[in-house]
S.K.: 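Let me give you the structure first, and then I'll get to my questions.
Since we're looking at a predicted model, the values are computed, not measured. Only this structure's heavy atoms are used, side chains among them; waters, hydrogens and symmetry mates stay out.
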Amino acid sequence: MKKLLAAILSAAMMIALFTGCKTDGVNTETTTGTTTEPVLGTVLPVAEGDAYAVDKLEFGYMPEGWEILGKNENMMVILSKENQVDIQGINYNHTLKDIDTFADSCMAVYKINNMLYQSDVLIDEPYHITVGTAKYDAVVYDFTIVVNEFLQDEAGEYLTDENGEQIKEEKMRYGGKAVFFYSGVDAYYMIFQCNEENYERIIPEFEKLLAGITVNENIKASDTSALTFTTPAAAE
């Protein structure tokens with residue numbers, strides 16, 4: 001599992017995915033080269049006394065062997081020996097764009113961030129499901145991460161083809177599912193990833209986890225001191 005974490009750097013990407021679409025809570029556009037990505041909307045700071053959105057999540061079902069690796073403010077990571085789930089909360093969804101635009105914006109930035117780590121993301125067309133005990137409307141993207149290695153000569157120069165494009169070699173693939181939803185107050189996205197060959201076997205467990213989520217809107221910052229987060233050892 002460490003190899004999976006190192007290859008896709010997903011925890012770091014989750015932060016970049018979110019912050020790449022905003023500047024100090026003001027609407028902006030993310031531009032890479034000639035491509036301008038859609039905006040998320042205005043993101044507000046968490047008000048004093050309010051709990052972070054991820055602290056409001058209650059998991060009615062946690063698959064065997066899955067544990068909360070850790071939490072940092074509005075980000076949470078769930079890890080097992082075979083897969084990883086990155087969860088990002090955003091307080092106050094009323095200032096964000098509609099859920100479809102929000103999800104599309106995040107996936108666009110996610111794809112760009114992976115390109116920075118020599119990985120391609122093959123994204124399927126989005127579709128809607130309901131998640132959680134409250135049956136929240138959610139946008140889902142299934143995707144595949146292709147991790148590449150760009151070939152170099154003995155002098156360390158990158159090899160190119162007849163069109164001047166760098167020559168790359170596929171090293172591994174990961175299957176993924178990204179789920180975006182708004183609760184009554186906040187916004188969430190959850191990104192599941194595992195080795196591609198294990199995807200069909202493991203993904204039903206992630207879907208059960210999604211179905212069992214409850215968002216407790218009554219949780220306040222003063223209540224979160226009782227929350228504990230374990231740090232299991234990741235498998236080699």
S.K.: What I'd like to find out is whether the side chain of His94 reaches to under 4.5 Å of the side chain of Leu44, using heavy atoms alone.
M.R.: yes

S.K.: Hey, quick one: are Val146 and Tyr199 part of the same hydrophobic cluster, counting side-chain heavy atoms closer than 4.5 Å, chains of contacts allowed?
M.R.: no

S.K.: Within the structure provided, determine whether Phe59 and Ile213 are in side-chain contact (heavy-atom separation under 4.5 Å).
M.R.: yes

S.K.: So, does Asp223 use its side chain to make a donor-acceptor pair with the main chain of Lys220 at under 3.5 Å?
M.R.: yes

S.K.: Report yes if the side chains of Leu209 and Val85 come closer than 4.5 Å at any heavy-atom pair, otherwise no.
M.R.: no

S.K.: Yes or no on side chain to side chain donor-acceptor pair (under 3.5 Å) for Asn83 and Asn198, after CA distance, side-chain angles and deciding distance?
M.R.: CA-CA 9 Å; Asn83 65 276; Asn198 298 327; over 6 Å; no

S.K.: Side-chain contact, heavy-atom cut-off 4.5 Å: Gln118 with Lys171?
M.R.: no

S.K.: Nearest 0.5 angstrom please: Thr101 OG1 to Leu96 CG, how far?
M.R.: 11.0 Å

S.K.: So which atom in Ala47 and which in Tyr92 form the shortest heavy-atom distance, rounded to 0.1 Å?
M.R.: N-OH, 3.0 Å

S.K.: Closest heavy-atom contact between Glu217 and Gly184?
M.R.: OE2-N, 3.3 Å

S.K.: Kindly state whether the ring of Tyr141 and the ring of Tyr110 have centres lying under 6.0 angstrom apart.
M.R.: no

S.K.: Please give me the minimum heavy-atom distance between Gly65 and Ser80, naming the atom from each residue.
M.R.: O-CB, 3.5 Å

S.K.: Check whether any side-chain heavy atom of Leu57 lies under 4.5 Å from a side-chain heavy atom of Val215, and answer yes or no.
M.R.: yes

S.K.: Start with the C-alpha distance between Tyr127 and Asp142, add both sets of side-chain angles, then the distance that settles side chain to side chain donor-acceptor pair (under 3.5 Å), and finish with yes or no.
M.R.: CA-CA 9 Å; Tyr127 56 94; Asp142 296 318; 3.0 Å; yes

S.K.: Measure the shortest side-chain to side-chain distance between Gln193 and Asp86 over non-hydrogen atoms and say whether it is less than 4.5 angstrom.
M.R.: yes

S.K.: Does one hydrophobic cluster hold both Val185 and Tyr52, with members joined at side-chain heavy-atom distances below 4.5 Å?
M.R.: yes

S.K.: Would you say the side chain of Ile78 lies within less than 4.5 Å of the side chain of Met62, judging by non-hydrogen atoms?
M.R.: yes

S.K.: Minimum heavy-atom separation for Val139 to Pro126, with atom names?
M.R.: CG1-CB, 4.0 Å

S.K.: Kindly say whether Glu197 contributes a backbone atom to a donor-acceptor pair with the side chain of Asn195 at under 3.5 angstrom?
M.R.: no

S.K.: Is a side-chain donor or acceptor of Lys71 paired with a backbone partner of Glu73 at a separation under 3.5 angstrom?
M.R.: yes

S.K.: Carefully, step by step, assess Val179 and Tyr136 under the rule side chain to side chain contact (heavy atoms under 4.5 Å, CB included).
M.R.: CA-CA 11 Å; Val179 180; Tyr136 298 116; over 6 Å; no

S.K.: When hydrophobic residues are tied together by side-chain contacts of less than 4.5 Å, even through go-betweens, does Ile99 share a cluster with Tyr189?
M.R.: yes

S.K.: Which heavy-atom pair separates Ala221 from Asp50 by the least distance, and what is that distance?
M.R.: CB-O, 3.6 Å

S.K.: What residues form a ring pair (Phe, Tyr, Trp, His ring centres under 6.0 Å) with Tyr188, not counting sequence neighbours?
M.R.: Phe181

S.K.: Mind checking what makes ring pair (Phe, Tyr, Trp, His ring centres under 6.0 Å) contact with Phe206, not counting sequence neighbours?
M.R.: Phe192

S.K.: Measuring only between side-chain heavy atoms, which start at C-beta, is Asp55 closer than 4.5 Å to Met76?
M.R.: no

S.K.: Once rounded to the nearest 0.5 Å, what's the spacing between atom CD1 of Ile90 and atom OG of Ser183?
M.R.: 11.0 Å

